[in-house]
2 protein chains.
Amino acid sequence: MSSSSSPRTKKPSTSKRKNVSAQRAPVGTENKIDIRVVAARAGVSIATVSRAINHVPTVDPALAERVWQVVGELNYFPNTQARALVSGRSRLLGLIVSEITNPFFPELIQEFEQVAVERGYEILIASTNYERKKMESCTRRMLERKVDGVAVMTFGIEEFFFDRFAADKIPVVFIDAAPLRPLSGFLAVDYRAGIYEAVQHLAVLGHRKIGFIAGPLRLRSAAARKAAFVECMRSIGLTSHQDWLVEGDHTLEGGRDAMQKLLALPDQPTAVLCSNDMTAIGVQHALFEADLKVPDDLSLIGFDDIHLAEYTIPPLTTVRMSCKDLALRAVNLLMEQLQPESAKAKAAHPKIETKLVVRQTTGLPRGALKDLAAGKNVKTRG
Amino acid sequence: MSSSSSPRTKKPSTSKRKNVSAQRAPVGTENKIDIRVVAARAGVSIATVSRAINHVPTVDPALAERVWQVVGELNYFPNTQARALVSGRSRLLGLIVSEITNPFFPELIQEFEQVAVERGYEILIASTNYERKKMESCTRRMLERKVDGVAVMTFGIEEFFFDRFAADKIPVVFIDAAPLRPLSGFLAVDYRAGIYEAVQHLAVLGHRKIGFIAGPLRLRSAAARKAAFVECMRSIGLTSHQDWLVEGDHTLEGGRDAMQKLLALPDQPTAVLCSNDMTAIGVQHALFEADLKVPDDLSLIGFDDIHLAEYTIPPLTTVRMSCKDLALRAVNLLMEQLQPESAKAKAAHPKIETKLVVRQTTGLPRGALKDLAAGKNVKTRG
DNA sequence: CTGAAAGCGCTAACAA
DNA sequence: TTGTTAGCGCTTTCAG
C-alpha cells in the first residue's frame with residue numbers, strides 16, 4: 001500500500017484501531033502501542049516494522065529510518081512475550097549460583113548482569129544452596145521460562161543440570177569442566193598459578209607446615225583447588241600432613257569449624273590456605289575466639305579476592321580470581337552457542353587467571369626469629 | 001471429537017499432530033508436548049485442560065483428575081510466554097535493590113526469591129548502584145518484561161520509579177514511604193525501637209559522646225535512620241555534636257572515610273552508630289589502620305545484622321532488621337494489589353521490627369575506670 | 001460444565 | 001524489497 005507521504009503532523013492518527021476483524025472496540029485499552037500502531041504511523045506494514053526493529057539488512061534505509069523515528073516518538077518497545085512465543089527465543093539467560101549470600105556471587109552476578117543486559121538479554125538468577133532439591137526446582141524454573149542458555153556457576157558440574165537442559169537443547173556453560181557434548185562449554189580456571197604463588201609466598205616466609213581448608217569436595221572446582229594445592233606443595237618440595245587437609249564448605253561456619261579442628265591437633269600447621277575467602281574469614285573468627293593472632297600465630301590466605309577481603313581485620317592475603325572475566329567469558333561462551341553463525345571467530349579461550357594479592361594475614365611462622373626471643377607459646381582449645 | 005475412552009496404553013498416541021489446519025508436518029518438532037497433546041491424551045478439549053490446570057472450580061473433578069494425571073505422565077508444563085501473552089500477566093516480579101554487592105541485599109533477595117517462587121512467581125533482579133542511569137535502565141527492563149509488580153528495595157522512594165510504573169498500572173511497593181496513589185504500598189520499618197535500644201545501650205555503658213554515620217541522605221530510609229538516632233539521643237537527654245553526624249554512603253569505603261573524618265576531629269565521639277553494617281565494617285577497618293581498638297578505643301554499632309556481622313573481628317554489635325520479614329511482607333503486599341479479590345483480608349501491617357543484638361564492639365568508653373589506670377592515650381591521624 | 005473459536009503481539013514464510 | 005498471512009501455545013468469551 002504505502003500512503004505515499006508520511007504524515008507530517010504529530011497528532012496521533014486519531015482513527016487508529018484494530019484493523020483486522022475488529023468487531024468490538026477493545027475495552028479499557030487506552031494507549032497501548034503495539035507494532036500495528038507504529039506501522040500505521042510510519043505508513044508501512046507491520047512486517048516492515050518488525051524487520052526494521054530487528055535490523056534485517058534488506059530493509060530500505062529510508063523506511064527503517066522512518067520506523068525508528070516513530071518508535072522513538074511513541075516510545076514503543078516490542079512485547080517480549082509475543083516475540084518469545086513466536087521466535088522461540090526468550091532472550092533470557094539463566095544464572096545458577098551455589099549461594100547468593102556468599103559475596104563472591106553477587107559480584108559475579110553484577111558483572112554477568114551488566115554484560116548480559118548489554119547484549120540484550122535479561123537474567124534469571126537461582127541459588128542452589130548446595131541442595132539437590134533446589135537444583136531441581138531451579139532447573140525447572142529455567143526450563144519453564146524457556147531460557148536461551150544457562151551459566152552454571154556452582155563451581156561443580158552437575159550432570160544433573162546438563163541432562164535436563166540438553167533434552168531441550170539449551171546451551172549450558174560450566175566452570176572447570178563440562179560433559180563432552182554439543183551445546184555445552186566450560187570456563188577453565190588456572191588455579192595453579194595463583195595457588196602456586198600463594199604456597200611459594202608462604203614457603204619463602206619460612207612456612208613448612210601448611211594446611212588447606214577445602215570447599216565441598218564433590219564440587220569439581222573445590223576438588224581442583226585442593227588438587228592444585230597438593231600439587232604445588234609437592235612441586236615445591238613440601239608435603240602436607242593429611243590432618244592438615246580438611247574439608248570445609250565454603251561458608252563462614254565451615255571455615256570456623258575447620259579451623260577449630262585444626263586447632264585441636266597436637267601438631268598444627270603454621271599457615272593455612274583456604275578454598276575461598278569466606279572460609280578464611282571464618283578461620284579468622286575461630287582464631288579470634290581462640291585468642292590467637294593473625295598473622296603472628298597463623299598465616300592465612302584466602303581465595304577469590306572478594307571486595308570484603310580488603311576490609312577484614314587484618315586485611316586478607318588472598319588469591320584473586322576475576323569475577324569480571326568469569327562473567328564476561330561465560331556470557332560470551334553462551335553467545336557462541338546461541339549464534340554459531342556469528343563470525344566471532346570463536347576466539348581462543350585462555351584460562352581464567354588467578355594471582356596472589358598480598359595483604360596482611362601472612363607473615364613469618366611461629367618459631368621464627370621474632371618469636372624465639374619472646375618465647376611465645378600457643379594456646380590450643382580442647 | 002473426544003475419543004471417548006482414554007487411551008490405556010502408555011505409548012504416545014502415534015498419530016498425534018497438529019489438529020487444526022495442518023497442511024505440512026512441523027519440521028524438527030520432536031516431542032514437544034503442548035496443551036493439545038495433553039488434551040488429546042486426556043480425551044478432553046484444550047479449554048478443559050486449561051481450566052483444570054488453572055484450578056477453575058467449575059471443572060468436573062473427574063475430568064480435572066484425568067487431566068492432572070496426563071500432565072504428570074507427560075511432565076507437561078504450560079508455556080509461560082503464551083500464557084503471559086494472552087493473559088497479560090507474566091508472573092514475574094521485579095526486585096530493585098540499590099547494590100547487590102552489599103550483603104544485606106543478597107540475603108533479602110534469597111528470602112524474596114523463596115517466597116515469590118512459592119507463590120508461583122519468578123523474579124527479575126536489578127541493581128541501581130545509586131546511579132540514575134541504572135535506575136532508568138532497570139525500570140525499562142522491568143517494563144519490557146512486563147513484570148506484574150515491583151518491589152523497590154532501594155530504601156529510598158524514587159518518584160522516578162513510581163511514575164513509570166504507574167503509567168502501566170503496575171503495582172509497586174517501597175520501603176518506608178510511598179506516594180499516596182493506588183497500586184502502591186510501602187513497608188514501614190520501626191527504626192526507632194532498635195536505634196533507641198542501641199543508644200540506650202551505649203548510654204548505660206557510659207558513653208555521652210555518640211556519633212552517627214548516616215547513609216546517603218537522599219534515601220528516605222537513610223534519612224529516617226538518622227532522624228531516629230537524633231530523636232533517640234534527645235529523648236535520652238543527650239545531644240550529638242554536629243560534627244559527629246557524618247554522611248556516609250552505606251559502603252565499606254564510605255564507612256572508612258567517614259571514620260577517618262571523625263578521627264581527624266579534635267573532640268571525638270567515644271562511640272559511633274552506623275546506618276548499616278557495611279559502614280560499620282568500614283569503620284572497623286579505619287580504626288585498624290589507625291591502630292585503634294574496638295571497643296577499647298571506640299564503641300561501634302551497626303545496622304541490619306547481616307550474617308557477616310557475627311564474624312567481624314570483633315563480632316559486631318548491631319541492630320537487627322529481619323530481611324526475611326521484609327521480603328515476605330513485600331511479596332504479600334504486592335500480592336494484595338495483584339489479587340484484590342483474594343479474601344486475604346488485607347491483614348494489618350505492623351511495622352517491621354528492629355532490635356539490638358549485642359556482640360563485642362561495644363564497651364566502656366575511654367576515660368572509664370579501666371583506662372584511667374592504664375593512662376592510655378589515643379593516636380589520631382592528621 | 002464443556003468445547004469451538006477468537007485472538008494476545010509478534011515473526012517468518014510466502015507472494016507480489 | 002515490501003506486504004499478506006499463518007500461526008507460536010495459551011486463555012477466554014460464547015454457545016451448547
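Sequence lines set the chain letters: A, B, ... in the order given, protein chains first and strands last, and positions in each chain run from 1. Side chains are part of it too, since the values below use all heavy atoms of this structure and drop only hydrogens, waters and symmetry mates.
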Open item on the list: Looking at A:R41 and A:E73, is any side-chain nitrogen of the basic one under 4.0 Å from a carboxylate oxygen of the acidic one?
Closed with: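 Looking at A:E73 and A:R41, the cut-off is met.
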TODO: Please list, by residue number, the residues of residues 47-63 of chain A whose heavy atoms come closer than 4.0 Å to an atom of DNA chain C; answer none if no residue qualifies.
DONE: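 Residues of residues 47-63 of chain A under 4.0 Å from DNA chain C: A:A47, A:S50, A:R51, A:N54.
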Task: Interface with DNA chain D, restricted to residues 75-85 of chain B and to heavy atoms under 4.0 Å - done: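 By residue number: B:Y76, B:P78, B:N79, B:A82, B:R83.
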I need the [atom1]-[atom2] distance between [X] and [N], as an integer number of Å.
| X | N | atom1 | atom2 | value |
| --- | --- | --- | --- | --- |
| B:R91 | C:dC8 | CZ | P | 22 Å |
| A:K146 | D:dC8 | NZ | P | 14 Å |
| A:I46 | D:dG3 | CD1 | C1' | 9 Å |
| A:I35 | C:dC8 | CD1 | C1' | 13 Å |
| B:R89 | C:dC8 | CZ | P | 18 Å |
| A:R36 | D:dG3 | CZ | P | 15 Å |

- [ ] Give me the one residue out of B:R141, B:R140, B:K146 that meets salt bridge (charged side-chain N to carboxylate O under 4.0 Å, His left out) with B:E144.
- [x]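 That would be B:R140; it is the only one of B:R141, B:R140, B:K146 passing the salt bridge (charged side-chain N to carboxylate O under 4.0 Å, His left out) with B:E144.
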Can you list everything that forms a side-chain hydrogen bond (donor to acceptor under 3.5 Å, both in side chains) with [X]? Sequence neighbours excluded, please.
| X | answer |
| --- | --- |
| A:E131 | none |
| A:R145 | none |
| B:S98 | none |

Open item on the list: Can you confirm whether A:V97 sits close enough to A:T128 that some side-chain heavy atom of one is under 4.5 Å from a side-chain heavy atom of the other?
Closed with: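 Not touching, per the 4.5 Å side-chain cut-off.
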Task: Min side-chain heavy-atom separation A:V49-A:V44 under 4.5 Å - done: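 Result yes, sub-4.5 Å side-chain heavy-atom pair found.
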Task: Listed once per pair and sorted, the side-chain hydrogen bond (donor to acceptor under 3.5 Å, both in side chains) pairs that draw on residues 75-89 of chain A, sequence neighbours left out - done: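 Residue pairs passing side-chain hydrogen bond (donor to acceptor under 3.5 Å, both in side chains), neighbours aside: A:N54-A:R83.
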